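Okay, structure first, notes after.
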Amino acid sequence: MPEEVKPNPQNALTQDAQLLAENIASGEEKAPTVDFEADYKAAQQFSVSDIDRTGEGAKAAEAATAPQQKISEPQETQVEAKPTGNPDDYAEMAKEVGGSRNEGVSSVSDDLVQQALENKPKK
């Protein structure tokens with residue numbers, strides 16, 4: 001069912017729209033009509049192309065999105081780590097690192113606590 005457009009001159013965004021709204025309000029020009037249902041039905045017809053209504057649409061989409069170059073299959077590679085030095089050197093280094101766990105910890109004596117209290121900044 002067509003509906004008549006009733007423009008408001010105060011809400012017009014351009015001078016042309018304001019002039020048209022004033023002419024419609026004064027009766028100089030006829031107000032346009034809009035048939036929403038007919039427009040909706042027409043839009044539905046345009047939303048799907050003729051080729052999509054057949055099986056050819058799926059084939060055309062497949063052809064359009066198919067890769068243009070050959071895609072190779074990934075290959076698995078075997079990596080083997082070979083020894084690169086004297087294992088005794090690494091064993092010695094591991095001993096040094098292992099001993100460092102205790103180096104950060106020192107025993108706290110009463111003298112050390114007393115020295116820390118004496119060197120405490122004053123407020």
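These numbers come from a predicted model, not from an experiment.
Under the rule for a side-chain contact (heavy atoms from CB on, under 4.5 Å), Gln75 has no partner lying at least two apart in sequence or in another chain. For Gln44, the side chain to side chain donor-acceptor pair (under 3.5 Å) partners at least two apart in sequence or on another chain are Tyr40. Shown here are the side-chain contact (heavy atoms from CB on, under 4.5 Å) partners of Ala12, two or more places apart in sequence or in another chain: Ala17, Gln18. In this view, Asn8 and Gln10, Asn11 satisfy the side-chain contact (heavy atoms from CB on, under 4.5 Å) rule, not counting sequence neighbours.
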For residues 55-69, which side-chain donor-acceptor pairs fall under 3.5 Å, sequence neighbours excluded?
| from | atom 1 | to | atom 2 | distance (Å) |
| --- | --- | --- | --- | --- |
| Thr65 | OG1 | Ala61 | O | 2.9 |
| Gln68 | NE2 | Ala66 | O | 3.4 |

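With a 4.5 Å cut-off between side-chain heavy atoms of Ile, Leu, Val, Met, Phe, Trp and Tyr, the cluster of Ile24 takes in Leu20.
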